[in-house]
Colleague: 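I'd like to ask some things about the structure below.
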Amino acid sequence: MVGQGGDLLLSRREKLRRLRSRGTEPFPNTYRRTHTIRDAIDCFHAIEREVGSQARTEAVSLAGRVVSIRGMGRATFLNIQDATGDVQIHLRRDILQDEYELARDLDLGDFLGARGPLFLTRTGEVTLEAAEASILAKSMRPPPEKWHGLSDVEIRHRQRYLDLIASPEVREGFRLRSTIVGAVRCFLEGRGFIEVETPILVPVAAGAMAQPFATHHNALDRDLYLRIATELYLKRLIVGGMDKVFEIGRVFRNEGIDQDHNPEFTLLESYEAYADYNDVMEMVEQMVSSVALEALGTTVIPFGEETIDFTPPWRRVSLREETLRCTGIDFQQYPDAAALAEAMSAKGIHVEGRSSRGRLIDKLVSTGVEPQLVQPTFLTEYPVEMSPLAKQKPGDPSLVERFEGFAGGMEIANAFSELNDPDEQRSRFMEQEELRRTTNAEEDTDRLDEDFLLALEHGMPPTGGLGMGIDRLVMLLTGKPSIREVVLFPQLKER
RNA sequence: GGGCCGUUAGCUCAGCCGGUUAGAGCUCCGGACUUUUAAUCCGGGAGUCCAGGGUUCGAAUCCCUGACGGCCCA
């Protein structure tokens, strides 16, 4: 007998068989709906405003997933859900006649199409009175529990579709992500930037300090890498005379996974000729606040226990000054790595052996400063040894014209006046290559890209460049504490 | 990399100072019911207790190892 033997799936198989035996196709090729659920309900309310609670619409055809069923014998109430909302359907044996048999073979999770007028039940719910109803697709497995929803975080991430079915908040979160990305694109296009696409498979993984994923092209018999940044290709386009370019694309970094790191993530990079890092700073605060306004209607956003105010202008402070304030260490006082490491150890900050000075400052900032930067803040004037692609400050070659933007205790933006002197760029790359040889293996360094240097030798105008983590921006704007909540399919260990 | 917590029915969970046949709600199956909506009422099913090893007369329960997940720290 169906339902016995511990197999809930069997009853669905049996219903599938019954549907077919009555000549009903459980997976028809198409169904034409006349309205989305939201549009149909809006349509009903428009009529209701004129004629009151006795309103009835013309027949509409709606389609969606069955999310609840209440069988009453010769009548059945159920709700279907589409991307715009959900609506109740009333199936009546006296109206549907033989077609009412379908009610018996419907399960939660099935897709149903129904045609009929909308009316108001005596409990005041907008309801479609079905004159026709047909199954559009059978679901062979039960959906998540209806009352508690899906709370197993692992299933939420591994089977995101179940998470989306079960949780309107999750659906709304990813809809917001799309709005945010669209608003970023719109903002940049409005400023005259054009969107481009550059290679993901690259011969040299340069443009950032990170480990790449390696792969191999068989026909060319050549090792290739997944890009870790789009920077050097976008600068080639600046050389080529495309004065304002941006790319929103996936980059790949072969490193650990945690609350705000996924091995593949979405990075915005933009480059603007005849601009410098101060212009970019102004653009970032304008962009984030206008995107927040467009997506959320406000620039003041709750994040965990805090409220973040993205209204420009954001606080600006030099990296040196803020690091001194937060950690008590003035890194300018320690021109060599060993002395800085000692000072950091004295403050209880664990340091790896043989780290470079740049790496140590990065560590000092990420552990001692970054977590404290809840309100939007630009840290400016970075040491040259941790910024191989940025232009030095006139009058102080130990610093570069660079800033990073922080909010909610996370880095969200990184920008500089781009280094465009090919000889200087070559020697900076050489320093990075040297660092890789002399420091511990965990230290990430940039890589020399000969083909990029060739481009620079052809001349690149003064340029302001920006990198911004889109996932983290979405986390901030949607109040999500983990990158896994804003990436549809986050990387997980193999089961 | 370290620490803590978790993994039991399709889902959400209880049970865990060892003890006979592992429970509840929702889901599922059968029945009643034509305005219900966590529908209701009656009846009935449903398990590799994460995996492997160990202790014991006896293990979901205690011990060890591992897998996966979560949180915290580095």
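Lettering of chains follows the sequences in order, A, B, ..., and the numbering in each one begins at 1.
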Colleague: If each of A:Ile349 and A:Glu125 is mapped to the nucleotide of RNA chain B with the nearest heavy atom, which maps nearer the 5' terminus, i.e. the 5' end?
Modeller: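 It is A:Glu125 whose nearest nucleotide is closer to the 5' end.
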
Colleague: Charged N to carboxylate O below 4.0 Å: is that the case for A:Asp86 and A:Arg65?
Modeller: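 No salt bridge links A:Asp86 with A:Arg65.
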
Colleague: Nearest nucleotide by nearest heavy atom, which residue falls closer to the 5' end of RNA chain B, A:Arg122 or A:Arg484?
Modeller: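 Per heavy-atom nearest nucleotide, the more 5' residue is A:Arg122.
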
Colleague: Phosphate oxygens OP1/OP2 of B:A74: is one of them under 4.0 Å from a side-chain N or O of A:Lys363?
Modeller: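 No, no such contact exists.
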
Colleague: A:Asp107 side chain: which of B:C29, B:U36, B:C33 is closest?
Modeller: B:C29

Colleague: What is the distance, rounded to the nearest whole Å, between atom CD of A:Gln259 and atom P of B:C72?
Modeller: 5 Å

Colleague: Quick one: label A:Tyr100 by what it contacts on the DNA or RNA (base, sugar-phosphate, nothing), any heavy atom closer than 4.0 Å.
Modeller: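 If one applies the 4.0 Å heavy-atom cut-off, A:Tyr100 turns out to touch nothing in the nucleic acid.
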
Colleague: Which value, in whole Å, describes the distance between the C1' atoms of nucleotides B:C49 and B:C13?
Modeller: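 Result for the C1' pair: 13 Å, nearest Å.
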
Colleague: Across all strands shown, which nucleotide pairs with B:C71 by Watson-Crick or G-U wobble geometry, both distances under 3.5 Å?
Modeller: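 Pair assignment: B:C71 / B:G3.
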
Colleague: By nearest atom, which of the nucleotides B:U27, B:U35, B:G70 is closest to the A:His157 side chain?
Modeller: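 Given the options B:U27, B:U35, B:G70, the side chain of A:His157 is closest to B:G70.
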
Colleague: Expressed as a whole number of angstroms, how long is the span from A:Ile257:CD1 to B:C68:P?
Modeller: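 Value for this atom pair: 11 Å.
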
Colleague: Measure the distance from CG on A:Leu78 to C1' on B:A38 and round it to the nearest whole Å.
Modeller: 16 Å

Colleague: Can you identify which nucleotide, out of B:G69, B:C11, B:U35, has its nearest atom closest to the A:Ile155 side chain?
Modeller: B:C11

Colleague: With C1' as the reference atom in both, quote the distance from B:U7 to B:U12 in angstrom, rounded to an integer.
Modeller: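 Taking atom C1' in both B:U7 and B:U12, they lie 14 Å apart.
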
Colleague: Between B:U8 and B:C71, how many Å separate the two C1' atoms, rounded to a whole number?
Modeller: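 Result for the C1' pair: 22 Å, nearest Å.
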
Colleague: Expressed as a whole number of Å, how far does the P atom of B:A60 sit from that of B:U21?
Modeller: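 About 11 Å, rounded to a whole number of Å.
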
Colleague: Looking only at side-chain atoms of A:Glu154, point me to the closest of B:U34, B:G69, B:U35.
Modeller: B:G69

Colleague: What distance, rounded to whole Å, do you find between the two P atoms, one in B:G23 and one in B:A46?
Modeller: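 Approximately 11 Å lies between the P atom of B:G23 and that of B:A46.
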
Colleague: Closest to the A:Val153 side chain: B:U34, B:U12, B:G70?
Modeller: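 Looking only at heavy atoms from C-beta outward on A:Val153, the closest nucleotide is B:G70.
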
Colleague: Can you tell which of A:Arg320, A:Met281, A:Glu322, A:Glu321 makes a side-chain contact (heavy atoms from CB on, under 4.5 Å) with A:Thr380?
Modeller: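 The single option meeting the side-chain contact (heavy atoms from CB on, under 4.5 Å) with A:Thr380 is A:Met281.
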
Colleague: When you check the phosphate oxygens OP1 and OP2 of B:U35, does a side-chain N or O of A:Gln88 lie under 4.0 Å from one of them?
Modeller: no

Colleague: Figure out the CZ/P separation between A:Arg74 and B:U35, and round it to whole Å.
Modeller: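 These atoms are roughly 11 Å apart.
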
Colleague: Hey, does the side chain of A:Lys138 reach the backbone of A:Asp105 with a donor-acceptor pair shorter than 3.5 angstrom?
Modeller: yes

Colleague: If we take the C1' atom in both B:C72 and B:G47, what is their distance in whole Å?
Modeller: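 Result for the C1' pair: 34 Å, nearest Å.
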
Colleague: Between P on B:G69 and CG on A:Asp152, what's the gap in Å once rounded to a whole number?
Modeller: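 Checked: the CG to P distance equals 11 Å.
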
Colleague: Strictly below 4.0 Å: does A:Ser11 bring a side-chain N or O up to OP1 or OP2 of B:C28?
Modeller: no

Colleague: Within the side chain of A:Gln375, is there an N or O that forms a donor-acceptor pair under 3.5 Å with the backbone of A:Thr307?
Modeller: yes

Colleague: If I take atom CG in residue A:Asp110 and atom P in nucleotide B:U27, what distance separates them, rounded to the nearest angstrom?
Modeller: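 The answer, rounded to whole Å, is 16 Å.
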
Colleague: Distance-only, no hydrogens or angles: does the A:Thr57 side chain make a donor-acceptor pair with backbone N or O of A:Leu118 under 3.5 Å?
Modeller: yes

Colleague: Verify the contact: side-chain N or O of A:Arg70 to OP1 or OP2 of B:U40, cut-off strictly under 4.0 Å; return yes or no.
Modeller: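 Answer is no, no contact under 4.0 Å.
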
Colleague: Nearest to the side chain of A:Leu108 - B:C28, B:U35, B:C33?
Modeller: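 Within the option list, the nearest is B:C28.
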
Colleague: Should A:Arg158 be listed as having a side-chain N or O under 4.0 Å from OP1 or OP2 of B:G69?
Modeller: yes

Colleague: Whom does B:G66 pair with, Watson-Crick or G-U wobble, provided both distances fall under 3.5 Å?
Modeller: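 Base-paired to B:C50.
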
Colleague: Using modelled atom types and a 3.5 Å cut-off, is there a donor and acceptor pairing between side-chain atoms of A:Asp110 and backbone atoms of A:Ser139?
Modeller: yes

Colleague: How long is the line joining CD of A:Gln159 and C1' of B:G10, in whole Å?
Modeller: 11 Å

Colleague: How far does the C1' atom of B:C17 sit from the matching atom of B:G10, given to the nearest Å?
Modeller: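 Rounded to whole Å, the distance is 33 Å.
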
Colleague: What is the distance, to the nearest angstrom, from the CD1 atom on A:Ile80 to the P atom on B:U36?
Modeller: 20 Å

Colleague: Say we look at B:C57 and B:C41: how far apart would their P atoms be, to the nearest angstrom?
Modeller: 49 Å

Colleague: So, A:Glu381 versus A:Tyr277: side-chain donor-acceptor pair below 3.5 Å or not?
Modeller: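 Result is yes, a qualifying pair exists.
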
